[in-house]
Amino acid sequence: MNYSYYPGCSLNGTALDYDRSVRQVCARLAIELVELPDWNCCGASSAHMTDHEVAVRLPLRNLLLAAELGHDLLVPCAACFQRLKATDRAVRADPAYWDAESYAPSFTIVHISSLLAAERSCRLIGEQLRIRLDGLPVACYYGCLSLRHPKVTGAQDYEQPRNLETIVETLGARPVDWSHRTECCSGSLTMARPDIAEALVGDIVAAARRAGARALVTDCPMCQANVESRQTSGAEPLPVFYATELIVAALSGSYPARQRRLHLVPAQALSSVVDQAAVRQEETV
């Protein structure tokens with residue numbers, strides 16, 4: 001199974017660990033990733049707020065590269081996914097304006113959680129589990145970019161998504177029932193208006209804590225960085241793990257120290273569950 005792969009800027013910078021875990025998981029599931037050659041920034045961080053023309057033409061170049069490869073396009077970053085989907089919709093609606101009269105690719109733009117929550121992926125993950133993450137209550141956090149606007153993203157269940165819960169349950173962890181799964185964390189304002197980011201993140205983390213979660217699980221690098229960095233309450237902060245990070249730990253049976261060090265919030269919630277599972281496994285041998 002081949003996919004074209006668009007990592008985007010985050011996965012080449014602040015979220016290198018996300019990129020690494022995505023590639024590891026796909027390799028274990030026999031999914032071959034073909035990284036787009038000479039891809040460019042899609043402008044998700046700022047272009048769409050400043051210049052509509054640039055906001056479409058930047059991702060359009062990547063879509064044209066993907067069209068040449070011909071595979072479905074896998075996108076781990078929620079912000080990149082949203083911009084690529086928005087551009088695909090805009091160009092198909094008026095290809096002449098965008099100088100793309102021949103633009104009619106047959107590929108699908110796929111967000112990582114949709115791929116990993118599919119029946120085939122869950123079956124393969126379940127077959128390869130070395131340890132189960134039993135006893136780890138997590139709050140599955142989607143944010144907004146991979147779901148909204150549904151006319152752009154194509155999300156059918158944008159109010160009650162289940163992909164992350166499906167992945168977490170496959171690993172043996174327990175998704176809690178909570179209220180802020182699709183709330184915006186204001187990741188795009190985190191530098192310009194940290195006061196807003198701290199307030200929204202505070203609400204999200206407080207809701208997760210009330211539901212009994214020991215960590216959040218996400219599929220968005222913007223959310224991961226913003227929610228971990230903007231927790232300012234006096235309570236013990238909650239770590240934010242990538243779903244792919246949990247999969248790698250469950251499939252390999254370990255949680256490397258170098259991965260723990262990449263978190264701004266101590267990742268004890270996951271490392272202790274992995275260590276306990278490894279001990280139980282040794283005792284049963």
Side-chain angles (χ1 to χ4, degrees), residues 18 21 25 78 111-114 116-117 121-122 125-126 129 131-148 155-187 197-251 255 259-260 263-277 280:
Y18 189 21
S21 63
V25 169
H111 189 237
I112 185 71
S113 291
S114 299
L116 298 180
S121 299
C122 288
I125 291 171
L129 281 185
I131 59 170
R132 291 177 55 84
L133 306 181
D134 292 328
L136 177 61
V138 299
C140 294
Y141 178 58
Y142 295 83
C144 49
L145 289 171
S146 66
L147 302 169
R148 302 186 186 116
Q156 301 295 312
D157 50 0
Y158 55 93
E159 293 290 352
Q160 296 294 333
R162 287 286 306 169
N163 284 341
L164 287 175
E165 280 84 354
T166 298
I167 296 169
V168 164
E169 289 171 344
T170 301
L171 302 174
R174 179 171 65 83
V176 302
D177 185 14
W178 70 307
S179 54
H180 283 53
R181 301 158 71 230
T182 61
E183 295 292 317
C184 176
C185 70
S186 73
E198 289 170 1
L200 294 182
V201 167
D203 290 344
I204 291 166
V205 173
R209 190 178 286 112
R210 284 196 301 272
R214 293 182 59 201
L216 288 88
V217 174
T218 190
D219 51 17
C220 173
M222 301 289 286
C223 295
Q224 196 278 338
N226 190 44
V227 176
E228 279 210 341
S229 65
R230 293 300 179 188
Q231 296 182 52
T232 58
S233 73
E236 182 178 350
L238 294 182
V240 185
F241 298 110
Y242 294 114
T244 47
E245 190 178 4
L246 266 63
I247 297 173
V248 171
L251 295 187
Y255 187 47
Q259 185 74 18
R260 306 177 197 183
H263 283 271
L264 299 175
V265 175
Q268 189 66 28
L270 177 58
S271 59
S272 61
V273 167
V274 171
D275 293 344
Q276 292 167 13
R280 288 196 300 273

What verdict does the side-chain contact (heavy atoms from CB on, under 4.5 Å) test give for R132 and R280, after you've listed the backbone C-alpha separation in whole Å, the side-chain angles of each residue and the deciding distance to 0.1 Å?
CA-CA 10 Å; R132 291 177 55 84; R280 288 196 300 273; over 6 Å; no
Restricting to non-hydrogen atoms, name the atom on [X] and the atom on [Y] that form the minimum distance, rounded to 0.1 Å.
X	Y	answer
L164	A243	CD2-CB, 3.8 Å
T244	S21	OG1-OG, 2.8 Å
L147	G143	CD1-O, 4.0 Å
A269	L136	O-CD1, 3.7 Å
I125	T170	CG2-CG2, 3.9 Å
T166	A117	CG2-O, 3.9 Å

Is there a donor-acceptor contact under 3.5 Å from the side chain of [X] to the main chain of [Y]?
X	Y	result
S229	A225	yes
Q231	G202	no
W178	C140	yes
E228	P239	no
R148	T182	yes
Y242	I247	no
R209	R214	no
Y141	C223	no
E198	R230	no

Hey, could you give me the [atom1]/[atom2] distance between [X] and [Y], rounded to the nearest 0.5 Å?
X	Y	atom1	atom2	result
L116	I167	CG	CD1	5.0 Å
H180	L216	NE2	CG	11.0 Å
E183	C144	CD	SG	9.0 Å
R260	S271	CZ	OG	4.5 Å
Q224	E245	CD	CD	7.5 Å

Under a 3.5 Å threshold, yes or no: a donor from one side chain and an acceptor from the other, between Q160 and R181?
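Present: a donor and an acceptor within the cut-off.
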Polar side chain donor-acceptor pair, Q268 to H263, under 3.5 angstrom
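No donor-acceptor contact under 3.5 Å links the two side chains.
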Would you list the pairs meeting ring-ring contact (aromatic ring centres under 6.0 Å, His included) in which at least one residue belongs to residues 202-240, sequence neighbours left out?
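Of all non-adjacent pairs touching residues 202-240, none passes ring-ring contact (aromatic ring centres under 6.0 Å, His included).
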Describe, in one word, how the ring planes of Y255 and F241 are oriented to each other, choosing from parallel (under 30°), tilted (30 to 60°) and perpendicular (over 60°).
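Y255 and F241: perpendicular rings.
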With C185, the side chain to side chain contact (heavy atoms under 4.5 Å, CB included) member among V205, N226, T218
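Exactly one candidate clears the test, N226.
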Could you go through V265 and V240, starting from their C-alpha distance and side-chain angles, then the distance that decides it, and tell me whether this counts as side-chain contact (heavy atoms from CB on, under 4.5 Å)?
CA-CA 8 Å; V265 175; V240 185; over 6 Å; no
Should we say atom CG of D177 is surrounded by more than 12 heavy atoms from elsewhere, each under 6.0 Å from it?
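No, the 6.0 Å shell around CG holds no more than 12 heavy atoms from other groups.
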Any heavy-atom pair between the side chains of I131 and L251 that's under 4.5 Å?
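A side-chain contact is absent here, since even the closest heavy-atom pair is not under 4.5 Å.
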Audit row: V176, V138, side-chain contact (heavy atoms from CB on, under 4.5 Å) steps and yes/no
CA-CA 6 Å; V176 302; V138 299; over 6 Å; no
In plain terms, say whether R174 and E165 are close enough for a salt bridge, that is, a side-chain N and a carboxylate O under 4.0 Å apart.
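Salt bridge: no.
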Check the pair D275 / V273 against side-chain contact (heavy atoms from CB on, under 4.5 Å), numbers first and verdict last.
CA-CA 5 Å; D275 293 344; V273 167; over 6 Å; no
